[in-house]
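Please read these numbers as outputs of a predicted model, since none were measured by experiment.
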Amino acid sequence: MTERAAVKAALKTQAVETPSWAYGNSGTRFKVFAQQGVPRTPQEKLDDAAKVHEFTGVAPTVALHIPWDEVDDYAALARHAEDRGLRLGTINSNTFQDDDYRLGSVCHPDAAVRRKAVDHLLECVDIMDATGSKDLKLWFADGTNYPGQDDIRARQDRLAEALAEVYGRLGDDQRMLLEYKLFEPAFYTTDVPDWGTAYAHCLKLGPKARVVVDTGHHAPGTNIEFIVATLLREGKLGGFDFNSRFYADDDLMVGAADPFQLFRIMYEVVRGGGLSGDVAFMLDQCHNVESKIPAIVRSVMNVQEATAKALLVDRDALAAAQREGDVLGANAVLMDAFSTDVRPLLREVREEMGLDPDPMAAYARSGWAEKIVAERVGGEQAGWGA
């Protein structure tokens, strides 16, 4: 197989999970702007996700968020997805939108609140059983705002106890993915603020616990690809929440702010064998002012382009330059790949997969946008309101 054929083969097997909540209304803490045609039910979110997969060919799964996607019959929801050529993917928990969680959830000083939070996480595992989902993703807003507000070490003990109980409930083919975030909503201490904290807990839990890297959850200037390389080396990288940020956790479209960073991350994924392994690639974005479905299609394409460039890195030439201490030569190898226009290659890939070479144009011609605006009238649009 030629190098070009190998790159195309890898791109054809790539899978990017889209998040159900990205199809609903979202915004900032100041305002959520409603859009016409936005889904009103989890089923309608899946209908929109099916269009993303139809035109990109590499978005076969949809992540759910509980209780945002709560239904009476999760097995039926899974069948709804299957009927549209999709599968239900990661189950995301929510322990941050209840008044009881003002001082934390699994780290709360009150045992009753901690019990409520853990019960919710166990319920999410039940949902995984019903949907066939493989991954449970945990993000905690827990933390403190003032020095002395709570015992930092005791909160870590509570976190470890909660994670251990949920870990023990996982099935043999299920995983726990622990996410971290530098700050917000907690501003003094965050209970899972960085990859080291998440890694320490996952290491203690066992092989079914992995770390999730959200590309927006770091201090400015953080070398995210170093984190990715390290976690891959340790066999603890569970997946990504892809998005972009200019200032903090902006949740903009992946690749919009710094496509070179996305390329560098994807190179480490390719270098570390993550592309063909069990690393989950998921979008985690809020489309506040742009149209939802085209934005998600574009985001999937951005991941594909970064991946294609990463696959084109001449690793033999790079290794030789590194061995020789050729600093500029090694850098040039990476820059040559990044500067390559991979859009013609991806058009070929799509045509060989029986897809339109231009997913954005194909969606625009499909009439789906007009159809959902006309049909989704009445009811309550999905979103979290503001």
Pairs meeting criterion salt bridge (charged side-chain N to carboxylate O under 4.0 Å, His left out) with involvement of residues 232-241, two or more places apart: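 Checked against salt bridge (charged side-chain N to carboxylate O under 4.0 Å, His left out) - neighbours excluded - the pairs reaching residues 232-241 are Lys137-Asp241.
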Sequence neighbours left out, what pairs pass salt bridge (charged side-chain N to carboxylate O under 4.0 Å, His left out) with at least one residue falling in residues 200-224? Arg210-Asp278
Under 4.5 Å between side-chain heavy atoms, counting indirect links through other Ile/Leu/Val/Met/Phe/Trp/Tyr residues: same cluster for [X] and [Y] or not?
{"X": "Leu205", "Y": "Val118", "answer": "yes"}
{"X": "Leu177", "Y": "Trp195", "answer": "no"}
{"X": "Val192", "Y": "Ile152", "answer": "no"}
{"X": "Met301", "Y": "Val342", "answer": "yes"}
{"X": "Trp368", "Y": "Val38", "answer": "no"}

Applying side chain to side chain donor-acceptor pair (under 3.5 Å) to Asp249 and not counting sequence neighbours gives Lys181, His217
Does [X] use its side chain to pair, donor to acceptor, with the backbone of [Y] at less than 3.5 Å?
{"X": "Thr61", "Y": "Leu88", "answer": "no"}
{"X": "His120", "Y": "Asn94", "answer": "yes"}
{"X": "Thr90", "Y": "Leu136", "answer": "no"}
{"X": "Asp336", "Y": "Leu334", "answer": "no"}
{"X": "Arg175", "Y": "Gly238", "answer": "yes"}
{"X": "Asn331", "Y": "Val327", "answer": "no"}

Between [Y] and [X], does any NZ, NE, NH1 or NH2 come within less than 4.0 Å of an OD or OE carboxylate oxygen?
{"X": "Glu3", "Y": "Arg315", "result": "no"}
{"X": "Glu54", "Y": "Lys51", "result": "yes"}
{"X": "Asp83", "Y": "Arg79", "result": "no"}
{"X": "Asp129", "Y": "Arg169", "result": "yes"}
{"X": "Asp358", "Y": "Arg350", "result": "no"}

All ring-ring contact (aromatic ring centres under 6.0 Å, His included) counterparts of [X], not counting sequence neighbours:
{"X": "Phe55", "result": "none"}
{"X": "His80", "result": "none"}
{"X": "Tyr74", "result": "none"}

To the nearest 0.5 Å, how far apart are [atom1] in [X] and [atom2] in [Y]?
{"X": "Ser20", "Y": "Ile66", "atom1": "OG", "atom2": "CD1", "answer": "8.0 Å"}
{"X": "Ile296", "Y": "His53", "atom1": "CD1", "atom2": "NE2", "answer": "14.5 Å"}
{"X": "Glu123", "Y": "Ser93", "atom1": "CD", "atom2": "OG", "answer": "10.5 Å"}
{"X": "Asp284", "Y": "Trp21", "atom1": "CG", "atom2": "CH2", "answer": "5.5 Å"}
{"X": "Leu170", "Y": "Lys134", "atom1": "CG", "atom2": "NZ", "answer": "12.5 Å"}
{"X": "Asp110", "Y": "Arg102", "atom1": "CG", "atom2": "CZ", "answer": "11.5 Å"}

Scan Leu121, Asp135, Leu138, Thr131 and name whichever one has a side-chain contact (heavy atoms from CB on, under 4.5 Å) with Ile91.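 Among Leu121, Asp135, Leu138, Thr131, the one meeting side-chain contact (heavy atoms from CB on, under 4.5 Å) with Ile91 is Thr131.
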Please report the C-alpha distance between Ile227 and Thr222 in whole Å, then the side-chain angles of each, then the deciding distance to 0.1 Å, and finally whether the side chain to side chain contact (heavy atoms under 4.5 Å, CB included) criterion is met. CA-CA 9 Å; Ile227 299 171; Thr222 298; 3.9 Å; yes
Ring pair (Phe, Tyr, Trp, His ring centres under 6.0 Å) with Phe96: which of Phe140, Trp139, Tyr101?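 Single ring pair (Phe, Tyr, Trp, His ring centres under 6.0 Å) partner of Phe96 among Phe140, Trp139, Tyr101: Trp139.
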Audit row: Leu103, Val113, side chain to side chain contact (heavy atoms under 4.5 Å, CB included) steps and yes/no: CA-CA 9 Å; Leu103 299 179; Val113 175; over 6 Å; no
Check residues 251-266 and write down every donor-acceptor pair under 3.5 Å in which the side-chain atom is one partner and the other belongs to a residue at least two apart or another chain.
{"unit_1": "Asp251", "atom_1": "OD1", "unit_2": "Asn243", "atom_2": "ND2", "d": "3.1"}
{"unit_1": "Asp258", "atom_1": "OD1", "unit_2": "Phe260", "atom_2": "N", "d": "3.3"}
{"unit_1": "Asp258", "atom_1": "OD1", "unit_2": "Gln261", "atom_2": "N", "d": "3.0"}
{"unit_1": "Arg264", "atom_1": "NE", "unit_2": "Glu225", "atom_2": "OE2", "d": "2.5"}

Flag side-chain contact, heavy atom, 4.5 Å: [X] against [Y]:
{"X": "Leu355", "Y": "Thr56", "answer": "no"}
{"X": "Glu348", "Y": "Arg4", "answer": "yes"}
{"X": "Asp98", "Y": "Lys116", "answer": "yes"}

Which pairs, with at least one residue in residues 312-335 and sequence neighbours excluded, count as a ring pair (Phe, Tyr, Trp, His ring centres under 6.0 Å)?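 Listed by first then second residue: nothing to list.
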Tell me the side-chain hydrogen bond (donor to acceptor under 3.5 Å, both in side chains) pairs involving residues 143-158, sequence neighbours left out?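 The answer is Thr144-Thr189, Asp150-Arg155, Asp150-Arg158, Arg155-Asp191, Gln156-His201.
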When the ring planes of His65 and Trp68 are compared, do they come out parallel, tilted or perpendicular, using 30° and 60° as the limits? parallel
Ring center gap for Tyr180 and His218 short of 6.0 angstrom: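 Yes; His218 has its ring centre under 6.0 Å from that of Tyr180.
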Is Lys292 close enough and on-axis enough to Tyr23, meaning under 6.0 Å and within 45°, for cation-pi? no
For residues 375-383, dump all side-chain donor-acceptor pairs below 3.5 Å to protein atoms at least two apart in sequence or in another chain.
{"unit_1": "Glu375", "atom_1": "OE1", "unit_2": "Lys371", "atom_2": "NZ", "d": "3.4"}
{"unit_1": "Glu375", "atom_1": "OE2", "unit_2": "Lys371", "atom_2": "NZ", "d": "2.8"}
{"unit_1": "Arg376", "atom_1": "NH1", "unit_2": "Gly37", "atom_2": "O", "d": "2.9"}
{"unit_1": "Arg376", "atom_1": "NH1", "unit_2": "Asp48", "atom_2": "OD1", "d": "3.3"}
{"unit_1": "Arg376", "atom_1": "NH1", "unit_2": "Asp48", "atom_2": "OD2", "d": "2.9"}
{"unit_1": "Arg376", "atom_1": "NH2", "unit_2": "Glu44", "atom_2": "O", "d": "3.4"}
{"unit_1": "Arg376", "atom_1": "NH2", "unit_2": "Asp48", "atom_2": "OD1", "d": "2.9"}
{"unit_1": "Gln381", "atom_1": "OE1", "unit_2": "Asn25", "atom_2": "ND2", "d": "2.7"}
{"unit_1": "Gln381", "atom_1": "NE2", "unit_2": "Gln35", "atom_2": "O", "d": "2.6"}

Who clusters with Phe33? Use side-chain heavy atoms, under 4.5 angstrom, across I, L, V, M, F, W and Y, and order the result by chain and number.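 Members besides Phe33: none; it forms no cluster.
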Share the residues that join Leu182 in a hydrophobic cluster, the rule being Ile, Leu, Val, Met, Phe, Trp or Tyr side chains under 4.5 Å apart at the heavy-atom level. Phe183, Phe187
What are the two closest heavy atoms between Asp142 and Val106, and how far apart are they?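 Heavy atoms only, the tightest pair is OD2-N, 3.2 Å.
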The test is side chain to side chain contact (heavy atoms under 4.5 Å, CB included); show your working for Val303 and Phe281 and say whether it passes. CA-CA 9 Å; Val303 174; Phe281 301 96; 5.6 Å; no
Walk me through whether Thr215 and Arg245 qualify under side chain to side chain contact (heavy atoms under 4.5 Å, CB included). CA-CA 8 Å; Thr215 49; Arg245 47 79 63 81; over 6 Å; no
With distance as the sole criterion, is a donor-acceptor pair present between the side chains of Asp194 and Thr197 under 3.5 Å? yes
